[in-house]
Amino acid sequence: MSELEADPLAPLRATFAGVVANLTNPKLDAKGAHGAKYTSLGELTNHLRPLLADARISVMHELGGDSTTIAVTLVVLDIDTGDRMVVGRAAMPFRDAQQLGGIVTYLRRYLLTAAFGIVGDHDDDGKAASAPARRPGKPSNDQPSTVRPADTISPAQKEALQTRYSVLDRPE
């Protein structure tokens with residue numbers, strides 16, 4: 001049994017691995033809300049496109065999900081044979097169309113950097129994720145004072161909850 005019979009995607013996998021082996025990290029051309037630098041989707045796409053074209057492969061992002069969750073699947077295509085290989089999938093919930101658009105861009109960018117093994121953002125060595133929790137009511141340099149801590153609700157939310165529970169015949 002030949003290698004191609006055992007794995008019909010072996011040639012595409014080898015081509016993909018060759019592209020990954022020759023990649024460099026793109027420049028960090030954008031800055032997030034809290035000042036962290038990252039590679040925009042446009043810069044990342046422009047960085048990858050010539051290398052993918054030379055290797056005769058392409059990538060596409062398939063969208064799926066439901067009314068509350070968007071899923072993005074990264075597919076690598078062999079331009080000559082039409083073979084396709086799924087190299088990553090991620091999903092996130094969303095509340096509205098504005099958030100949906102941002103999440104799609106975010107997932108596309110992160111799937112590309114993960115699949116190709118490149119760095120597309122500043123590595124803070126886990127500093128942000130391991131920062132101590134902020135005390136309620138104490139804004140920091142990167143948290144505007146208009147942002148409520150996660151464990152509090154607005155007066156409008158409180159009123160809505162009281163209205164909903166007042167129609168129940170239970171003391172709780």
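Hydrogens, waters and symmetry mates play no part in the numbers below; they use all other heavy atoms, side chains included. If you read the sequence from its start, that first residue is 1, and numbering goes on from there.
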Practice item. Using the rule that two of Ile, Leu, Val, Met, Phe, Trp, Tyr join whenever any of their side-chain heavy atoms come within less than 4.5 Å, decide whether L74 and I79 are in one cluster. Key: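 Hydrophobic grouping puts L74 apart from I79.
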[atom1]-[atom2] distance between [X] and [Y], expressed to the nearest 0.5 angstrom:
{"X": "D78", "Y": "R56", "atom1": "CG", "atom2": "CZ", "answer": "8.5 Å"}
{"X": "K27", "Y": "Y38", "atom1": "NZ", "atom2": "OH", "answer": "14.0 Å"}
{"X": "L100", "Y": "T105", "atom1": "CG", "atom2": "OG1", "answer": "9.5 Å"}
{"X": "H47", "Y": "D29", "atom1": "NE2", "atom2": "CG", "answer": "11.5 Å"}
{"X": "T45", "Y": "R109", "atom1": "OG1", "atom2": "CZ", "answer": "11.0 Å"}
{"X": "L23", "Y": "L52", "atom1": "CG", "atom2": "CG", "answer": "7.5 Å"}

Is the shortest side-chain heavy-atom distance between [X] and [Y] below 4.5 Å?
{"X": "I103", "Y": "L107", "result": "yes"}
{"X": "P26", "Y": "I118", "result": "yes"}
{"X": "R49", "Y": "N46", "result": "yes"}

Within the side chain of [X], is there an N or O that forms a donor-acceptor pair under 3.5 Å with the backbone of [Y]?
{"X": "N25", "Y": "V119", "value": "yes"}
{"X": "E43", "Y": "T39", "value": "no"}
{"X": "T113", "Y": "Y110", "value": "yes"}

Review point. Between R13 and D7, is there a salt bridge with N-O shorter than 4.0 Å?
Key: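 Judged by the 4.0 Å cut-off on N to carboxylate O distance, D7 and R13 do form a salt bridge.
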Review point. Between V87 and F16, what is the shortest heavy-atom contact and its length?
Key: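 In terms of heavy atoms, the two residues are closest at CG1-CZ, 4.3 Å.
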Practice item. Check I70 against G64 and note the closest heavy-atom contact, atom names and distance. Key: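 For I70 and G64, the tightest heavy-atom pair comes out as CD1-O, 3.2 Å.
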Exercise for review: Give the intermediate values and the outcome of side chain to side chain contact (heavy atoms under 4.5 Å, CB included) for residues R84 and E62.
Suggested key: CA-CA 12 Å; R84 48 184 281 135; E62 294 177 341; 2.6 Å; yes
Practice item. Mind running side chain to side chain contact (heavy atoms under 4.5 Å, CB included) on L51 and N22 for me, showing each step along the way? Key: CA-CA 9 Å; L51 298 166; N22 291 306; 5.6 Å; no
Check your understanding: Under a single-linkage rule joining Ile, Leu, Val, Met, Phe, Trp and Tyr whose side-chain heavy atoms are separated by less than 4.5 Å, which residues share a cluster with V75?
Key ->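 Under the 4.5 Å side-chain rule, V75 groups with M60, L77, V86.
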**Study point:** T15, V59, V19 screened by side-chain contact (heavy atoms from CB on, under 4.5 Å) with V76, the one that passes
**Key:**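 Result: among T15, V59, V19, V59 is the only option passing the side-chain contact (heavy atoms from CB on, under 4.5 Å) with V76.
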